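Have a look at the structure below before the remarks.
What you see is a predicted model; the values in this text were computed from it and never measured. Residues take their numbers from the sequence shown, with the count starting at 1.
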Amino acid sequence: MRRANWAHAITIIGTALAAIAAIGGLWVQAVASYWSQQTAEDQLAQSKEEDVRETRTQSSKVTYWVEHPYGRREGVKLHVLNRSPDPVSEVQIVLHIYVGGHRQQWWLVLSNLWPCADIVYPATKLRLENIPRNHVSSPDEWPKLSDQGYWEVDFMHFVDGNGSSWIRTSKSLHERSSPPTKTHTNIIYFNDEEVNKADLCEDESR
């Protein structure tokens, strides 16, 4: 009788141990699955971050700034820079200019911006083509940007070497699906820009 009880007890203990082992195995499998999922998600997130960094590699090196030496209006210059070793295209600088007391949007259309370039546009050399254009034939007689009371750059648009369209402001850089709508009336005319090599530019193509 005692042997039967011991055999029964051993059977119960064995069954319990097997159940515990099975539960432990399931727990280990669940933990392993969780960490595998987390690792896969982390790798996917890292891959996306790398894709974003790669996408912004060239665009982050294209920018502009306005030079105001000693606060003299006639010495103001607009710099447009491409610090990458590849050209960018469809470059447009949109300015807000106060003309006759009214705030207007004007377009400086540059087309292409070549590699490692710092293009300088003195405000005295930039002309407002549409004020007035009908009866003033010579660009030398068109109003100068430097003669306007106040102006500022609103944003810069360009297309990088991968064909992506970008909008650059003084505070941000955003990719967009299409270029901004361009007005053909308020055009800024230029014919005497300065071309310099941009600092901090890679010399070798990617």
Side-chain angles (χ1 to χ4, degrees), residues 38-71 75-97 103-126 145-146 148 150-184 186-206:
Q38 289 296 112
T39 300
E41 291 178 354
D42 291 344
Q43 290 176 343
L44 180 60
Q46 183 178 358
S47 178
K48 289 182 178 179
E49 290 177 0
E50 290 176 354
D51 289 342
V52 170
R53 283 195 297 268
E54 179 65 24
T55 300
R56 297 172 70 95
T57 296
Q58 184 184 22
S59 61
S60 63
K61 298 177 182 178
V62 180
T63 187
Y64 65 86
W65 65 284
V66 180
E67 177 184 351
H68 297 272
Y70 312 110
V76 175
K77 299 178 181 179
L78 171 62
H79 292 253
V80 183
L81 297 93
N82 177 14
R83 292 194 175 100
S84 79
D86 298 314
V88 294
S89 59
E90 299 185 34
V91 181
Q92 304 169 30
I93 308 293
V94 180
L95 281 70
H96 276 134
I97 305 174
R103 189 171 185 262
Q104 301 177 355
Q105 196 173 60
W106 286 74
W107 297 75
L108 178 62
V109 181
L110 314 181
S111 258
N112 298 328
L113 183 58
W114 46 93
C116 296
D118 176 7
I119 313 299
V120 184
Y121 300 89
T124 55
K125 302 293 184 179
L126 296 174
L145 178 61
S146 58
Q148 308 313 307
Y150 177 77
W151 61 271
E152 62 182 347
V153 178
D154 187 13
F155 65 86
M156 173 185 186
H157 169 267
F158 62 93
V159 175
D160 67 15
N162 294 320
S164 299
S165 180
W166 296 87
I167 292 293
R168 160 81 73 183
T169 70
S170 60
K171 299 180 180 179
S172 64
L173 174 65
H174 298 292
E175 187 175 6
R176 55 179 295 154
S177 59
S178 61
T181 303
K182 181 178 66 175
T183 177
H184 292 278
N186 294 347
I187 301 297
I188 299 175
Y189 174 83
F190 62 93
N191 63 356
D192 193 17
E193 68 273 26
E194 303 172 10
V195 181
N196 303 311
K197 183 175 180 179
D199 295 331
L200 305 177
C201 183
E202 302 174 7
D203 292 328
E204 297 180 359
S205 298
R206 291 178 297 175

Please confirm whether the backbone N or O of [Y] pairs with a side-chain atom of [X], one donor and one acceptor, at under 3.5 Å?
X	Y	answer
Asn162	Ser164	no
Tyr150	His96	no
Gln58	Pro85	no
Asp118	Asn196	no

To check you understand the geometry: which heavy-atom pair defines the closest contact between [X] and [Y], and what is its length?
X	Y	answer
Pro122	Asp192	CD-O, 4.2 Å
Ser89	Asn112	CB-OD1, 3.3 Å
Ala123	Trp151	CB-CZ2, 4.3 Å
Met156	Val62	CE-CG1, 3.4 Å
Ala198	Cys201	O-CB, 3.6 Å
Gln92	Trp107	OE1-CZ3, 3.0 Å

Working to the nearest 0.5 angstrom, can you tell me the gap between [X] [atom1] and [Y] [atom2]?
X	Y	atom1	atom2	answer
Asp86	Trp114	CG	CH2	15.5 Å
His68	Lys77	NE2	NZ	13.0 Å
Lys125	Glu194	NZ	CD	9.0 Å
Asp199	Arg83	CG	CZ	7.0 Å
Glu90	Asp160	CD	CG	11.0 Å
Leu78	Glu193	CG	CD	11.5 Å

Quiz prompt | Phe158 vs Leu113, side chain to side chain contact (heavy atoms under 4.5 Å, CB included): CA-CA, chis, key distance, verdict | solution = CA-CA 9 Å; Phe158 62 93; Leu113 183 58; over 6 Å; no

Quiz prompt | Name of the residue among Val76, Leu95, Leu108, Thr124 meeting side chain to side chain contact (heavy atoms under 4.5 Å, CB included) with Leu145 | solution = Leu95

Quiz item: Do the rings of Phe190 and Tyr121 sit parallel, tilted or perpendicular, given the 30° and 60° boundaries?
Solution: perpendicular

Exercise. Over 60° means perpendicular and under 30° means parallel, so classify the ring planes of His79 and Trp65, tilted if in between.
Key: parallel

Practice problem: In sequence, state the C-alpha distance, the side-chain angles, and the governing distance for Ile97 and Ile188, and then conclude on side chain to side chain contact (heavy atoms under 4.5 Å, CB included). | Solution: CA-CA 11 Å; Ile97 305 174; Ile188 299 175; 4.2 Å; yes

Quiz item: Quick one: does Asn186's side chain get under 4.5 Å of Gln105's, heavy atoms only?
Solution: no

